[in-house]
Amino acid sequence: MDSQTQNASLLRLQTVEKRIVRVLELAGGVMEEFSNPNGPRKELVNNHCSEFMQLIKDIQVTLREEIKSACEYRPFEKCDYIARISNEICCKKLEYVVDKLDGMKETIDQYHQAT
């Protein structure tokens, strides 16, 4: 992930953080309205709830995009460590098999010499 992409991602996450704060403020405002002794003002509650729902949707979309972007980031994509280790393991297995085959060949040769 290059620096410019990383900065853009951090800015989007900072915007999400601000939206979360606003969502909490809206929820608090609705709670205050419901606790108002004169009763809640319907228009204010409706406005707060509408803004709340829109912010929640925006937060979800942005977080999904950021998570998807983070999953696409593969810092070790060009690393050949796994391939090299797999090859070394395969070589060791082949050496083991060759050693066992040599042992079997010796046993067979000894059997033929004995008969």
Side-chain angles (χ1 to χ4, degrees):
M1 186 180 286
D2 65 353
S3 178
Q4 192 174 19
T5 304
Q6 192 173 12
N7 285 340
S9 180
L10 290 174
L11 287 174
R12 284 190 296 272
L13 291 174
Q14 190 175 31
T15 302
V16 166
E17 183 180 10
K18 289 176 183 175
R19 286 179 180 159
I20 290 171
V21 169
R22 179 66 183 144
V23 160
L24 293 173
E25 289 172 350
L26 290 168
V30 169
M31 290 176 68
E32 283 181 26
E33 271 306 303
F34 282 128
S35 67
N36 188 348
N38 298 329
R41 292 174 283 185
K42 186 176 179 181
E43 187 177 322
L44 183 75
V45 170
N46 283 340
N47 290 340
H48 277 19
C49 288
S50 295
E51 187 179 352
F52 177 92
M53 290 307 296
Q54 186 57 52
L55 286 170
I56 291 294
K57 288 176 187 176
D58 294 345
I59 290 167
Q60 286 177 329
V61 167
T62 305
L63 288 177
R64 279 190 192 116
E65 289 171 356
E66 289 304 311
I67 289 168
K68 183 180 175 188
S69 174
C71 291
E72 291 171 353
Y73 174 61
R74 292 181 175 88
F76 302 109
E77 192 171 78
K78 295 178 183 174
C79 179
D80 65 343
Y81 176 77
I82 293 172
R84 284 189 296 119
I85 292 300
S86 293
N87 285 340
E88 286 183 36
I89 291 171
C90 287
C91 286
K92 293 294 180 187
K93 287 179 179 179
L94 287 173
E95 287 174 9
Y96 178 79
V97 169
V98 167
D99 185 51
K100 292 299 176 187
L101 288 173
D102 286 343
M104 290 171 66
K105 185 177 182 303
E106 285 178 24
T107 302
I108 291 170
D109 288 344
Q110 289 172 359
Y111 175 77
H112 286 296
Q113 288 175 357
T115 56

* To do: Enumerate the residue pairs fulfilling side-chain hydrogen bond (donor to acceptor under 3.5 Å, both in side chains) with a member in residues 92-101, sequence neighbours excluded, ordered by first and then second residue.
  => none

* Taking only residues two or more places apart in sequence, or in another chain, which ones meet Lys105 in a side-chain hydrogen bond (donor to acceptor under 3.5 Å, both in side chains)? -> Asp109

* To do: May I ask you to check whether over 12 heavy atoms, not counting those of Glu25, lie within 6.0 Å of atom CD?
  => yes

* Indicate if Leu26 and Ile20 have the same hydrophobic cluster label, given that clusters are the connected sets of ILVMFWY residues with side-chain heavy-atom separations under 4.5 angstrom. => yes

* Linked hydrophobic residues, Met31 as query - side chain contacts closer than 4.5 Å -> none

* Got Ile108 and His112 here, is their nearest side-chain heavy-atom distance under 4.5 Å? -> yes

For residues 49-67, which side-chain N or O atoms pair as donor and acceptor with protein atoms under 3.5 Å away, sequence neighbours left out?
residue : atom : partner : partner atom : Å
Ser50   : OG   : Asn46   : O            : 3.0
Glu51   : OE1  : Arg22   : NH2          : 3.1
Glu51   : OE2  : Arg22   : NE           : 3.0
Glu51   : OE2  : Arg22   : NH2          : 3.4
Gln54   : NE2  : Asp58   : OD1          : 2.9
Thr62   : OG1  : Asp58   : O            : 2.9
Glu66   : OE1  : Ser9    : OG           : 2.3
Glu66   : OE2  : Arg12   : NE           : 2.4
Glu66   : OE2  : Arg12   : NH2          : 3.0

* To do: Sorted by first residue and then second, give each side-chain hydrogen bond (donor to acceptor under 3.5 Å, both in side chains) pair with at least one member in residues 26-40; sequence neighbours left out.
  => Glu33-Arg41

* Asked: Leu101: what forms a side-chain contact (heavy atoms from CB on, under 4.5 Å) with it, not counting sequence neighbours?
  -> Val97, Met104

* Does Ile82 CD1 have over 12 foreign heavy atoms under 6.0 Å away? -> no

